[in-house]
2 protein chains.
Amino acid sequence: MASERKATADPARSLAILWRTREPTSRGAGQGLSVDRIVRAAIDIADAEGLDALTMRRVGEALGVGTMSVYTYVPGKAELVDVMIDTAYGEMPRPAVEGDWRVRLERIARDNLALYRRHRWMLRAETTRPVLGPHLVAKYDYELGAVADLGLTDVEMDAVLTLVLGHVKSSARAASEVVDLERETGLTDGQWWQSHAPWLETFLTADSYPTASRVGTAAGRQHGAAYGPEYAFEFGLQRVLDGISVVVAERAANG
Amino acid sequence: MASERKATADPARSLAILWRTREPTSRGAGQGLSVDRIVRAAIDIADAEGLDALTMRRVGEALGVGTMSVYTYVPGKAELVDVMIDTAYGEMPRPAVEGDWRVRLERIARDNLALYRRHRWMLRAETTRPVLGPHLVAKYDYELGAVADLGLTDVEMDAVLTLVLGHVKSSARAASEVVDLERETGLTDGQWWQSHAPWLETFLTADSYPTASRVGTAAGRQHGAAYGPEYAFEFGLQRVLDGISVVVAERAANG
DNA sequence: CGGCACGGCGTACGGCGTACGGCCGCGTTG
DNA sequence: CAACGCGGCCGTACGCCGTACGCCGTGCCG
């Protein structure tokens, strides 16, 4: 299957590229190809048409270059995606936010959501352990700053961040799926739901599954209106932050 | 996009198979192939070797049958995965749990985590909107029961469930990645972390990224010990439940 | 007993990632 | 200034994948 990360991706190779261990060569013909240009082209393709459309052939084509030329700068597709991810992290804002931890965490959540909205392919590409590129490290450092002065242990700080970012990613995935579905079927979520209503009524009867039937119908009716991925994101985010505040209050009380 | 779900997956076809719209034929030769046997074989392969190893050729091979014979019962790979997912949901327990909503939700979270542990391929396969198979519907109905009597609106009930299950999936994914990494590299997480220590110390210095450096080191040192995906799961779950309890208490107070 | 519906499958096509080996032009060296 | 060799570039080819298509043999129904 692959697609998101061949099992054989070599982290060391990705790291070498990410941290620019190689100096730019001036030898040879060189018609201006470079890791940066390749990554930029690849991101453009993935943004516009998704990870499936991102093939090495397409990348070469986009750069007016043979397929195999890409391999001069990038060891393989998996490593290319690694670099794409770190590059995307690099475009995130890292402003100094005024306000308490809750404001800061909420801001971080929204920034990450925006990132996933712009680069939907990241939702599928990150499957394996992230490669510790420079921008990911900077991002991690910045985001830890939001929870640094709350009296949490280092491990707890990491766990809080993991929790919030995990929620963002779940929500983003759900939202992305709705977009995909609308694009593929040509139907909005509400229309799709309505077209499946007869089918649902056949099997998902109030007799057999009372709760699922009622709630599903309610949720379905709201689709396109108030309910949807946005609601799930907002609701979940506030719940998560509420939950974190319990620990924070505890630590503040106990010193 | 594809890989876990070809963009061309046809939900209607999947649904037809899932709800057994076709009656079992008794015409023709028939050497005992069936949707069930195919699905079972496919799940065995995916469990043992991952989604990447699941190819139509492998499935046919495992059943002592030609590759294309599989297509007699299943329209394509995407639909096969759909059916695999619903089948996996079918093996989940749905006991009547005594205790309050928190006990019930916690139980649901752990059951789902166990499911993902047994079928790690599900973490990659569910990308798109789930197909509403019979077992998913039953699962949804069952799980809604855990939050049915808390005074929440229908939409809120759905959101609570989405939040909890999203956290489970995030955590399961993280845990699965650790397993994959250990399997691929032959190193435990702690060993891997240690082997990258020199590299990290070069770039992730206390000067440039003080917080990330300290927390990363702390988290890294704990790997293999107390910290890890299990901790992140437990910590996050309690935070999420704490957050939900705030809403529940609100509703209980306001009627 | 004839027909044919249907399960089973061999072949083939168009895609993918990428290994390999060669070409060619430039910067360096004697 | 000539020769060298290195490195950017890439054409070809291989082994995978999913699956369209058309052919067979079988056993039930009329």
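Since the structure is predicted, the reported quantities are computational estimates derived from the model, not experimental observations. The basis for the numbers below is simple: all heavy atoms, side chains too, and nothing from hydrogens, waters or symmetry mates. In what follows, chains are A, B, ... by sequence order, proteins preceding strands, each numbered from 1.
- Atom P of nucleotide D:dG11 and atom CE of A:M56 are separated by 16 Å, given to the nearest angstrom.
- Of the candidates C:dT18, C:dG8, D:dA20, C:dG8 carries the atom nearest the B:S69 side chain, counting heavy atoms from C-beta on.
- Partner of B:N112 under the side-chain hydrogen bond (donor to acceptor under 3.5 Å, both in side chains) criterion, out of B:R117, B:K139, B:K169: B:K139 alone.
- Between B:Y73 atom OH and C:dC9 atom C1' the separation is 13 Å, expressed in whole Å.
- Between the CG atom of B:D52 and the C1' atom of D:dG18 there is a distance of 14 Å, given to the nearest Å.
- A straight line from CG of A:L80 to P of C:dT18 spans 10 Å, rounded to a whole angstrom.
- Side-chain proximity of B:T72 to the nucleotides C:dG7, D:dG8, D:dG11 is greatest for C:dG7.
- The phosphate of D:dG8 (OP1 or OP2) has no side-chain N or O of A:Y71 nearer than 4.0 angstrom.
- Within 4.0 Å of B:G60, counting heavy atoms only, lies no atom of the nucleic acid at all.
- By the ring-ring contact (aromatic ring centres under 6.0 Å, His included) test, A:Y140 pairs with no residue at all, sequence neighbours left out.
- If you check every strand for non-hydrogen atoms under 4.0 Å, A:L54 touches sugar and phosphate atoms only.
- Judged by distance alone, with hydrogens and angles left aside, the side-chain atoms of B:H135 form no donor-acceptor pair with the main-chain N or O of B:Y89 at under 3.5 Å.
- In this structure B:D111 satisfies the salt bridge (Lys or Arg N to Asp or Glu O under 4.0 Å) test together with B:R107, sequence neighbours excluded.
- Nucleotide C:dA19 holds its C1' atom 18 Å from the NZ atom of A:K77, rounded to whole Å.
- Side-chain to base pairing of A:R57 with C:dG15: no donor and acceptor N or O lie closer than 3.5 Å to each other.
- When the nucleotides C:dG8, D:dC10, D:dC21 are ranked by their closest atom to the side chain of A:M68, D:dC10 comes out on top.
- Between the CD1 atom of B:I45 and the C1' atom of D:dC17 there is a distance of 15 Å, rounded to whole Å.
- Nearest nucleotide to the A:L33 side chain, out of C:dC9, D:dC9, C:dG17: D:dC9.
- Each of B:T67 and A:G76 has a nearest nucleotide on DNA chain C; the 5'-most of these lies closest to B:T67.
- Between B:V59 and B:R37 the shortest side-chain heavy-atom distance does not fall below 4.5 Å.
- Across the protein-nucleic acid pair, B:L63 atom CG and C:dG7 atom C1' stand 14 Å apart, rounded to whole Å.
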